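Shown next, in structure tokens, is the structure this report addresses.
Predicted model, so just to flag it, every value in this text is computed and none were measured. Note that the numbering runs from 1 along the sequence shown for the chain.
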Amino acid sequence: MIGSVSGTVASIGADFALVEVGGVGLVVSAPQKTLLELRLGSTVRLFTSLVVREDALTLYGFANEDEKNVFEVLQRTKGIGPRLALGALDTLEPDQLRLALANKDEKLLVKIPGVGKRTAQRMILEIADKLGPATATAIARPSSGISAEVVAGLVQLGWHESAAEAAVSMHDDGHQDASSLLRLALQTLGKHNG
């Protein structure tokens, strides 16, 4: 099992990063918010989970061990594979997911791409107690103001909500108008998907 990788970021794709470790380039799939934090040529440490299938070995990387552990627990639910688990972490922070499961909040869970009402109910039954309690106050999403407008606009343009929020929060200093903040967020998102 490969528990983590440390190396130089050689390239960043739409849903992966190529990390050079000792002369070997490892393709590491990762959540959008993790990819947004990476910079080409920088040194990175990602906590990893190796998923073995009949036809593939896929390495998934996360900014911290909590995300990695949540990813692994999510896959224990029938109908949730690695891509759906990754989508869950793109949509909700680990503590938001814990709170949604503890509060039996199906409406929040079905916001995860690919999760319907039946899968949300299965998640609540099968893994709510396996993730443990929220370790910190769940990260509040922008609910009003310019940041929320820009995030909503980016989501309408097709970006994942978590990626949009990460890009907006990188540039939101409270002194920018919506168009400036949108332009900066799009530049950041474009660098990682171009």
Side-chain angles (χ1 to χ4, degrees), residues 7-19 27-47 60-68 70-71 74 82-101 103 105-115 120 134-194:
T8 303
V9 179
S11 69
I12 302 169
D15 60 353
F16 72 92
L18 180 66
V19 181
V27 175
V28 183
S29 295
Q32 289 291 312
K33 64 181 178 202
T34 300
L35 294 172
L36 284 171
E37 294 173 5
L38 301 180
R39 299 290 173 254
L40 289 176
S42 67
T43 301
V44 66
R45 178 173 187 213
L46 296 173
F47 294 90
Y60 293 89
F62 306 92
N64 57 59
E65 281 190 278
D66 189 31
E67 287 182 356
K68 172 190 165 182
V70 169
F71 173 80
L74 281 170
R83 287 288 173 189
L84 195 63
L86 201 62
L89 288 169
D90 268 336
T91 306
L92 300 172
E93 296 289 332
D95 279 346
Q96 289 174 318
L97 185 58
R98 287 183 181 98
L99 290 173
L101 291 169
N103 296 330
D105 188 349
E106 290 178 28
K107 288 182 180 180
L108 185 57
L109 294 173
V110 298
K111 289 185 177 182
I112 298 169
V115 173
T135 56
T137 303
I139 296 172
R141 294 179 173 258
S143 57
S144 63
I146 292 172
S147 293
E149 290 175 30
V150 173
V151 169
L154 290 167
V155 169
Q156 288 294 317
L157 291 171
W159 298 97
H160 284 287
E161 191 171 357
S162 63
E165 288 174 352
V168 168
S169 66
M170 289 174 76
H171 301 289
D172 185 15
D173 60 6
H175 296 84
Q176 299 186 41
D177 60 22
S179 63
S180 298
L181 190 54
L182 178 62
R183 181 179 44 77
L184 292 168
L186 282 169
Q187 287 173 350
T188 298
L189 291 165
K191 288 178 186 173
H192 294 283
N193 285 330

With a 4.5 Å cut-off on side-chain heavy atoms, are Leu99 and Asp105 touching? no
Nearest heavy-atom neighbours spanning Val110 and Lys107: CG2-O, 3.3 Å
Could you give the distance from CG (Leu189) to CG (Leu154), rounded to the nearest 0.5 Å? 6.0 Å
Identify the two heavy atoms, one from Gly61 and one from Ala30, that lie closest to each other, and give their separation to 0.1 Å. O-CB, 3.4 Å
So do Tyr60 and Pro31 actually touch side chain to side chain, heavy atoms under 4.5 Å? no
How long is the straight-line distance from CG of Leu157 back to CG of Leu186, given to the nearest 0.5 Å? 6.5 Å
Scan Val70, Leu46, Leu89, Val28 and name whichever one has a side chain to side chain contact (heavy atoms under 4.5 Å, CB included) with Phe62. Leu89
Verify, without hydrogens or angle tests, whether Gln156 (side chain) and Gly153 (backbone) share a donor-acceptor contact under 3.5 angstrom. no
Are Lys33 and Glu67 within salt-bridge range, i.e. N to O under 4.0 Å? yes
Approximate separation, where rounding is to 0.5 Å, of Thr43 OG1 and Leu38 CG: 11.5 Å
Can you tell whether the side chains of Asp177 and Arg183 come within less than 4.0 Å, N to carboxylate O? no
Can we say Asp15 and Arg83 salt-bridge, meaning some charged N sits less than 4.0 Å from an Asp/Glu carboxylate O? yes
Does the side chain of Thr8 reach to within under 4.5 Å of the side chain of Val19, using non-hydrogen atoms? no
Heavy-atom closest pair (Val155 atom, Ala164 atom, distance to 0.1 Å) is CG2-CB, 4.5 Å
Tell me if a side-chain donor or acceptor on Gln32 pairs with a main-chain N or O of Ala14 at a distance below 3.5 Å. yes
For the student: nearest non-hydrogen atoms of Thr91 and Pro113, plus distance: OG1-CD, 3.3 Å
For Ala63 and Thr34, the nearest pair of non-hydrogen atoms, with its separation, is N-OG1, 3.8 Å
How long is the span from the CG atom in Leu36 to the OG1 atom in Thr188, to the nearest 0.5 Å? 7.5 Å
Mind checking whether Arg98 and Asp66 have side chains closer than 4.5 Å, heavy atoms only? yes
Is Leu101 close to Leu109 at the side-chain level, that is, under 4.5 Å between some pair of heavy atoms? yes
Output for pair (Ile12 CD1, Leu18 CG), nearest 0.5 Å, gives 10.0 Å
Heavy-atom closest pair (Leu74 atom, Ala88 atom, distance to 0.1 Å) is CD1-CB, 3.7 Å
If you measure from CD on Glu149 to OG on Ser179, what distance do you get to the nearest 0.5 Å? 11.0 Å
